[in-house]
There are 2 protein chains.
Amino acid sequence: MDKQQQIINAAAQSFSQYGYKATTMEQVAKIAQVGKGTVYLYFSNKEKLLKEIVRSLAVEMRMVADQHIQASEGFVERFDAALYAILQFREQHDLMVKLSLELNDFGTPIVKEVLDSFEQEICVYIADKVRLAIEKEEIRSCDPEITAFLMYKMYINLIHDWQKHHSPISRERAAALIRLYFIEGLQP
Amino acid sequence: MDKQQQIINAAAQSFSQYGYKATTMEQVAKIAQVGKGTVYLYFSNKEKLLKEIVRSLAVEMRMVADQHIQASEGFVERFDAALYAILQFREQHDLMVKLSLELNDFGTPIVKEVLDSFEQEICVYIADKVRLAIEKEEIRSCDPEITAFLMYKMYINLIHDWQKHHSPISRERAAALIRLYFIEGLQP
DNA sequence: CAAATGACTGTTTTAGTATTATAGTCATAA
DNA sequence: TTATGACTATAATACTAAAACAGTCATTTG
């Protein structure tokens with residue numbers, strides 16, 4: 001049996017259930033059914049362990065988003081499908097939810113770092129799609145990184161932040177708004 | 001001499017210098033050269049005192065932004081002038097800077113509430129301008145609240161958040177980008 | 001007697017300290 | 001050569017005593 005994978009699984013389970021701070025290396029070793037020292041043979045410290053797990057989660061996320069894109073026609077539809085898949089992914093994976101809560105409650109620096117790089121990963125992913133859309137002349141030429149960054153932020157703003165003070169916006173409404181502002185523009 | 005104003009000035013000074021948490025009502029009374037009980041004749045508690053100060057700061061902010069709008073032609077230019085004035089206002093008023101730091105460091109709930117309502121104030125202000133621009137047919141018809149919210153967020157994203165991981169964007173560049181995305185749109 | 005005050009009080013924060021828990025190491029064992 | 005858990009230095013926590021504080025109110029003042 002692959003000890004490294006056992007350790008990763010054990011850590012993923014514990015991080016998801018108890019969070020980063022409240023997970024001890026001894027706990028991970030116990031769940032993985034190995035000695036504590038063994039964990040350190042594969043991961044030089046706790047931080048590396050978390051980063052490895054989040055990294056592979058990011059890979060999975062890319063795949064899920066790509067699957068959702070397949071079924072969609074048109075740039076906005078594909079963008080909406082991918083982004084929605086990503087947000088759902090984040091909400092449905094206990095680890096991401098737990099880490100977000102932990103960042104809010106304790107501000108653990110490593111958790112902040114990890115979630116930050118996950119966000120950047122998302123932006124890089126979208127930027128690739130924007131670049132493709134420019135090549136296919138589906139949209140005008142523009143800076144792909146900035147465009148991806150702003151579209152992602154706008155999606156988050158609409159789905160998550162707006163409803164902090166107003167009534168929620170449906171996924172369809174959000175896609176329509178992004179089409180209005182980003183694609184069509186407000187000029188009369 | 002107006003004791004109420006003396007107290008407000010004293011509190012504004014102390015909040016700016018030491019923050020909300022580290023300011024004591026005794027301190028405020030001492031600076032205002034009144035007894036502690038006197039402070040409570042005008043403000044039933046510490047929270048009300050802070051809210052009053054931030055409220056009048058919001059009024060001042062509106063006036064400053066309006067002044068900057070006067071000198072500008074076109075919707076994007078006026079929007080840029082107003083938003084830039086608002087951001088500068090926030091950066092140049094020690095109280096806002098101090099409160100932001102305090103929210104980051106301690107998460108003081110009342111400070112969060114106050115800064116939140118200040119942000120909403122900004123959005124209401126912009127929404128008014130958007131409504132006006134729709135009436136004057138400078139832009140297409142749209143929901144003024146959502147549009148104001150998203151334009152404000154995009155401006156913040158460009159000027160503040162983008163540079164957390166990339167090289168900063170100048171004020172001119174930000175205005176040009178908002179014109180590109182919001183006004184002209186990305187359709188080819 | 002209306003406006004102002006600061007001593008007073010119950011509660012919260014802080015500072016100091018003892019105790020426990022934990023990350024990471026390493027000598028030993030399988 | 002791989003695996004282990006006792007070990008250690010450091011960091012988190014729990015506890016307590018002391019101090020600071022927001023808000024009150026009986027007394028004072030103009």
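Only this structure's heavy atoms are used, side chains among them; waters, hydrogens and symmetry mates stay out. No experiment lies behind these values; they were computed from the predicted model shown.
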Can you say whether the rings of B:F182 and A:Y181 are parallel (under 30°), tilted (30 to 60°) or perpendicular (over 60°)? tilted
Whole-Å distance between D:dT4 P and A:Q33 CD? 11 Å
Applying a 4.0 Å non-hydrogen cut-off, can you work out what A:F43 is touching in the nucleic acid: base, sugar-phosphate, or nothing? nothing
A:L41, nearest nucleotide to its side chain (from C:dA23, D:dT4, D:dA22): D:dT4
Rounded to the Å, how far apart are A:M25 CE and C:dT25 C1'? 13 Å
Do the charged groups of B:E73 and B:R78 touch, with an N to O distance under 4.0 Å? no
What's the NZ-C1' distance between B:K21 and C:dT13, to the nearest Å? 8 Å
Just to be sure I understand the rule, does A:K36 reach a base, reach only the sugar-phosphate, or reach nothing, if contact means heavy atoms closer than 4.0 Å? base
Run the salt-bridge test on B:D66 and B:K129 with the 4.0 Å N-O cut-off and return the result as yes or no. yes
For A:E138, does the CD atom have more than 12 heavy-atom neighbours from other residues, nucleotides or ligands under 6.0 Å away? yes
Between B:E26 and B:V39, which has a closest nucleotide on DNA chain C that is more 5'? B:V39
Can you measure A:Q27 atom CD to C:dA21 atom P for me and round it to whole angstrom units? 14 Å
In whole Å, what is the span from the NZ atom of B:K46 to the C1' atom of C:dT12? 12 Å
How close or far is atom P of D:dT1 from atom OH of A:Y42, stated in whole angstroms? 14 Å
Given atom CD1 of B:I110 and atom P of D:dC21, what is their separation to the nearest angstrom? 16 Å
Whole-Å distance, A:I7 CD1 to D:dT2 P, equals 14 Å
Check this for me: does any side-chain nitrogen of one of B:R131 and B:E145 sit under 4.0 Å from a carboxylate oxygen of the other? yes
Counting heavy atoms from C-beta on, name the nucleotide in C:dT25, C:dA3, D:dG23 closest to the side chain of B:N45. D:dG23
For the side chain of A:Y40, counting heavy atoms from C-beta on, which of D:dT24, C:dA23, D:dT4 is nearest? C:dA23
Below 4.0 angstrom from OP1 or OP2 of D:dA3, is there any side-chain N or O of A:K3? yes
For A:T24, answer base if it contacts any base atom (sugar-phosphate contacts may also be present), sugar-phosphate if it contacts only those atoms, and nothing otherwise; contact means non-hydrogen atoms under 4.0 Å. sugar-phosphate
Would you tell me if any nitrogen or oxygen in the side chain of A:K48 comes within less than 4.0 Å of OP1 or OP2 on C:dA23? no
I want to check one thing: is the phosphate of C:dT5, taken as OP1 and OP2, less than 4.0 Å away from some side-chain N or O of B:K30? no
